[in-house]
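What follows is a single structure, written as structure tokens, with notes after it.
Naming: A, B, ... by sequence-line order, numbering from 1 per chain.
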2 protein chains.
Amino acid sequence: MEAKQRQRSVNPASADCVNDAEVAPRSPGDDGGIGGIDEIIGFHIRLAHGATYRHFTETFAELGLTQKMVSVLWLINDHPHIAQADIGRRLQMDRATTMAIINRLEARDLLVRGASTLDRRRQTLALTEGGLDALVEARRCIDEHEQWVRTRFTKKEATLLIELLRRIHE
Amino acid sequence: MEAKQRQRSVNPASADCVNDAEVAPRSPGDDGGIGGIDEIIGFHIRLAHGATYRHFTETFAELGLTQKMVSVLWLINDHPHIAQADIGRRLQMDRATTMAIINRLEARDLLVRGASTLDRRRQTLALTEGGLDALVEARRCIDEHEQWVRTRFTKKEATLLIELLRRIHE
DNA sequence: CGATTTCGTAAGCATAGCATACAATTATGA
DNA sequence: TCATAATTGTATGCTATGCTTACGAAATCG
């Protein structure tokens, strides 16, 4: 009975949520120029990220992969024998964080570590059979997921959005 | 000597990261239309979110507040006696997640819970003195943070970006 | 050569999000 | 009106993520 909580858990109704009588006169921080919290770009990025991540999770429920995992698989496929550090840089992750993800992926036999011939500090990464299968599956899901995002935009807008976002993380 | 790791931990150099010789012929998933991973909007949202969050964390290092916490304080200030469930809906969070944050905030004496007169299931939330102070401080930091984001955009672009992001999470 | 840097690893901590379950309360409908 | 459903706050447990700090091995640089 508390089963399909997820569907409703976030924004169950589109109704105006805050039904308080008094609406507060903004007592404290009326010193600066910031008006409402929804004028903060980061605020919207966070919400958009949350919404995207949620839909992604739903789409990938059966596969049991996260955004990060898929990104890593994808990257390894595009660049076989890429090193962990490079993956971290590409995806802007800590070395430690990167390793945690690689560990999870390895534990599920989606990739294998191998010694690098060039640099004995490194360990090259390669997808296994299962990893390849998973990636192919994942690509299908990503396609579906991307569709869901793109319904909101024209092709031009989508390109523009990517360009704007790129300015933030590049 | 491993101290300022953070500065370098993510994208230490702007150099081309993947210095592998062979660049892989995209063997497996060449079935679909997806080209590179960087044509996926969600991918850029995630990276942008990460970059934003990282800078936010730096800016708020002394205050020790996270985005969520600040958002909650801000919301409570704008709507005194707002209920937890409403906050969750506004910020698109689970009830349980919302409570976790409220708990942390309460443990730091930034807000207090109080019984609601209208609905005895509810507990109204109000900022304490310390909460107000923290919010004022936070607003200063957010201002700085927002500046950092906005340097990349013209006023028009910023407005546009928000509008595009809003389509995703609204 | 020695000093520094890089890479992988590890352990520990905090945040965040989800599912699930329960009790109290309110709303709803037969 | 009364049984049933829905809402609210709470608690617990699990997972994913990200950071810090630390270490040893290997590479690089001066």
Side-chain angles (χ1 to χ4, degrees), chain A residues 1-10 12-13 15 17 19 46 49-50 53-54 56-58 60-61 64-69 71-72 82-89 91-107 113-116 118-125, chain B residues 1-10 12-13 15 17 19 46 49-50 53-54 56-58 60-61 64-69 71-72 82-89 91-107 113-116 118-125:
Chain A
M1 45 194 71
E2 193 101 14
K4 43 156 66 157
Q5 166 82 5
R6 242 276 256 24
Q7 320 253 332
R8 290 171 293 102
S9 69
V10 165
C17 304
N19 36 22
R46 189 152 57 69
H49 173 253
Y53 191 82
R54 233 168 283 130
F56 189 100
T57 304
E58 281 172 35
F60 278 74
L65 293 175
T66 65
Q67 284 185 341
K68 293 275 166 186
M69 290 179 182
S71 297
V72 169
I82 187 176
Q84 278 185 205
D86 291 331
I87 289 179
R89 276 189 283 266
L91 304 180
Q92 312 202 345
M93 296 185 299
D94 201 64
R95 266 182 309 153
T97 305
T98 304
M99 202 194 59
I101 295 172
I102 301 278
N103 282 345
R104 252 171 268 139
L105 253 19
E106 191 187 33
R113 287 174 155 104
S116 169
L118 309 173
D119 187 334
R120 273 185 297 175
R121 289 172 304 182
R122 296 185 166 217
Q123 297 217 229
T124 67
L125 302 169
Chain B
M1 47 195 68
E2 193 99 14
K4 42 156 68 157
Q5 166 81 4
R6 242 275 254 26
Q7 319 254 335
R8 290 173 295 105
S9 70
V10 166
C17 303
N19 36 21
R46 190 153 56 69
H49 173 253
Y53 191 82
R54 233 167 283 131
F56 189 99
T57 304
E58 281 173 34
F60 278 74
L65 293 175
T66 65
Q67 285 185 339
K68 292 274 166 186
M69 292 179 180
S71 297
V72 169
I82 188 176
Q84 277 184 204
D86 290 332
I87 290 179
R89 278 188 283 265
L91 303 181
Q92 312 203 346
M93 296 186 299
D94 202 63
R95 267 182 310 153
T97 305
T98 305
M99 202 195 58
I101 294 173
I102 302 277
N103 282 346
R104 254 171 265 143
L105 253 18
E106 193 187 33
R113 287 172 155 104
S116 168
L118 309 172
D119 187 334
R120 273 185 298 177
R121 288 172 304 185
R122 295 185 166 218
Q123 296 214 231
T124 66
L125 302 169

Using only side-chain N and O atoms of [X], determine if any of them is under 4.0 Å from OP1 or OP2 of [N].
| X | N | answer |
| --- | --- | --- |
| A:Gln92 | D:dG18 | no |
| A:Arg95 | D:dC19 | no |
| B:Arg46 | D:dT17 | no |
| B:Arg113 | D:dT10 | yes |
| A:Gln84 | C:dT6 | no |

Using the test side-chain hydrogen bond (donor to acceptor under 3.5 Å, both in side chains), find all partners of B:Thr98 that sit at least two apart in sequence or belong to another chain.
none
With B:Gln123 via side-chain hydrogen bond (donor to acceptor under 3.5 Å, both in side chains) - residues at least two apart:
none
Under a 4.0 Å N-O cut-off, is there an ion pair linking B:Arg122 with B:Asp86?
yes
Just how far, in rounded Å, is [atom2] of [N] from [atom1] of [X]?
| X | N | atom1 | atom2 | answer |
| --- | --- | --- | --- | --- |
| A:Glu106 | C:dT9 | CD | P | 8 Å |
| A:Leu65 | D:dA16 | CG | C1' | 13 Å |
| A:Arg54 | C:dA19 | CZ | C1' | 15 Å |
| A:Ile82 | C:dT6 | CD1 | P | 18 Å |
| B:Ile87 | D:dT7 | CD1 | P | 19 Å |
| B:Ile102 | D:dT8 | CD1 | C1' | 13 Å |
| A:Phe56 | D:dA16 | CZ | P | 14 Å |

What's the separation between atom [atom1] in [X] and atom [atom2] in [Y], rounded to the nearest 0.5 Å?
| X | Y | atom1 | atom2 | result |
| --- | --- | --- | --- | --- |
| A:Gln92 | B:His49 | CD | NE2 | 12.5 Å |
| B:Leu65 | B:Thr57 | CG | OG1 | 11.0 Å |
| B:Ile101 | B:Ile87 | CD1 | CD1 | 9.5 Å |
| A:Thr66 | A:Lys68 | OG1 | NZ | 8.5 Å |
| A:Gln84 | A:Met93 | CD | CE | 9.5 Å |

What does the list of N/O pairs under 3.5 Å between the protein and nucleotides 10-16 of chain C look like, with a distance for each?
{"residue": "C:dA16", "atom": "OP1", "partner": "B:Thr66", "partner atom": "OG1", "Å": "2.9"}
{"residue": "C:dA16", "atom": "OP2", "partner": "B:Thr66", "partner atom": "OG1", "Å": "3.4"}
{"residue": "C:dA16", "atom": "OP2", "partner": "B:Arg104", "partner atom": "NH1", "Å": "2.9"}

Inter-axis angle, terminal five-pair segments of the helix from C:dC1-D:dG30 to C:dA30-D:dT1 [nearest 10°]
40°
For B:Arg120, which residues count as a salt bridge (charged side-chain N to carboxylate O under 4.0 Å, His left out) partner, sequence neighbours excluded?
none
With sequence neighbours excluded, tell me which residues meet salt bridge (charged side-chain N to carboxylate O under 4.0 Å, His left out) with B:Arg104.
none
Taking ring pair (Phe, Tyr, Trp, His ring centres under 6.0 Å) as the definition, give me every residue that meets it alongside A:Phe60, ordered by chain and number, with sequence neighbours left out.
A:Phe56
Looking at side-chain heavy atoms only, is the closest gap between B:Ile102 and B:Arg113 below 4.5 Å?
yes
Please write out the pairs of protein N or O atoms and N or O atoms of nucleotides 25-30 of chain D separated by less than 3.5 Å, giving the distance to one decimal.
{"residue": "D:dA27", "atom": "OP1", "partner": "A:Arg120", "partner atom": "N", "Å": "3.2"}

